Amino acid sequence: MQNHLQFGQIQLIHNAVPVEILSELYTTLPKIGWSFGWNTPSNPHSRYWHYEIGHGGKKNVLDVSDKVRAHPLPIFAKYLDFFLQHLAPAGTKILRFYMNAHTYGTDGWPHTDTDRPGEQTCVLYLNHEWKPEWGGETVIFNKDKEIVASVLPKGNRILSFPADSLHAPRPLSKEFEGLRIVLVVKLAPADLSVAN
Ligand SMILES: O=C(O)CCC(=O)C(=O)O
Ligand SMILES: [Fe+2]
């Protein structure tokens, strides 16, 4: 089914990306110059690894697709085009586009991605293999701060959820010796007012 991503829903899309795009992403990952120190305003002390592609911050309401397409590594434009053509509803705007990575000890923290209602976050997981004992789930909370979704970061799945809902990447266990990598795209629907 095409363009089945729905704003306002929590959705987990399996085998989300075609194998050509996925394998190019995997071969690109070792070339990424990660920088350490990214954090979420809800806890500036909880820092982790980050690689910026779209250069849109939390307050951004403008489409950053052109910046993604201008990135020197062409795979990000390929992912973006696939995403817009096959997953996102017509007219979707791309507000943010980046990669994050966590190692053991660099805990995620509960946060919202925006205060503006109607936007959506899509997390593509980029670890080939994931074992339950490694932890690192993404959890999503409801308004009563109860967990309503908990998803293991298995490669080639996209978790899509309303960007103003509280969520967190959970800590990794000491057994996990690698990088837990995600490519995150934040979206606004075609008809969303950008007045706020
Ligand atoms: O890594 C995750 O599971 C979630 C990422 C996230 O919440 C974010 O980048 O805003
Ligand atoms: Fe987030």
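Keep in mind that what you see is a predicted model, and the values were worked out from it rather than measured. Nothing fancy with the numbering, it's 1 onward along the sequence. Atoms within a ligand are numbered from 1 in the order they appear, just like the ligands themselves.
Atom 4 (C) of ligand 1 has P169 CG, 4.0 Å as its closest protein atom, hydrogens excluded (heavy atom only). Looking only at heavy atoms of the protein, atom 1 (O) of ligand 1 is closest to R180 NH1, 2.8 Å.
Aromatic ring orientation, W130 versus F176: tilted (interplanar angle from 30° to 60°). Note on ring orientation: taking the six-membered ring where Trp is involved, the planes of H50 and Y98 are tilted (angle from 30° to 60°).
Side-chain contact, D113 with H111: a donor N or O sits under 3.5 Å from an acceptor N or O.
Taking a 4.0 Å cut-off on heavy atoms, H111 registers as neighbouring ligand 1. Distances shorter than 4.0 angstrom do not occur between any heavy atom of H102 and any atom of ligand 1.
The V184 neighbourhood of ligand 1 comprises atoms 9 (O), with distances under 4.0 Å to a heavy atom of that residue. Atoms of ligand 1 found under 4.0 Å from any heavy atom of N100 (numbered from 1 in listed order, with element): 9 (O). Close approach of ligand 1 to V182 is summarised as follows: ligand atoms under 4.0 Å from at least one heavy atom of the residue are 1 (O). Here is the list of ligand 1 atoms found below 4.0 Å of a heavy atom in T138: 2 (C), 3 (O). Proximity to Y98 (heavy-atom distance under 4.0 Å) selects the following atoms of ligand 1: 8 (C), 9 (O), 10 (O).
Note that CZ of R180 and NE2 of H102 are 6.5 Å apart. Values are rounded to the nearest 0.5 Å. Within the model, atoms CG of L166 and CD of E146 stand 12.0 Å from one another, a figure rounded to the nearest 0.5 Å. Distance check, rounded to the nearest 0.5 Å: CH2 of W134 to CD of E175 gives 9.5 Å.
H167 contributes atom NE2 as its closest N/O/S atom to the Fe ion (ligand 2). When distances from the Fe ion (ligand 2) to the N, O or S atoms of D113 are compared, OD1 comes out shortest.
Polar contact with ligand 1: present for D113 (N/O pair, distance under 3.5 Å).
Within a 6.0 Å radius of CD in E177, no more than 12 heavy atoms belonging to other residues, nucleotides or ligands are found.
Only side-chain heavy atoms of K186 come within less than 4.0 Å of ligand 1; its backbone N, CA, C and O stay farther off.
Under a 3.5 Å cut-off, the side chain of N100 and the backbone N or O of V182 do not form any donor-acceptor pair.
Linking Ile, Leu, Val, Met, Phe, Trp and Tyr whenever their side-chain heavy atoms come within less than 4.5 Å puts L22 and Y51 in one cluster.
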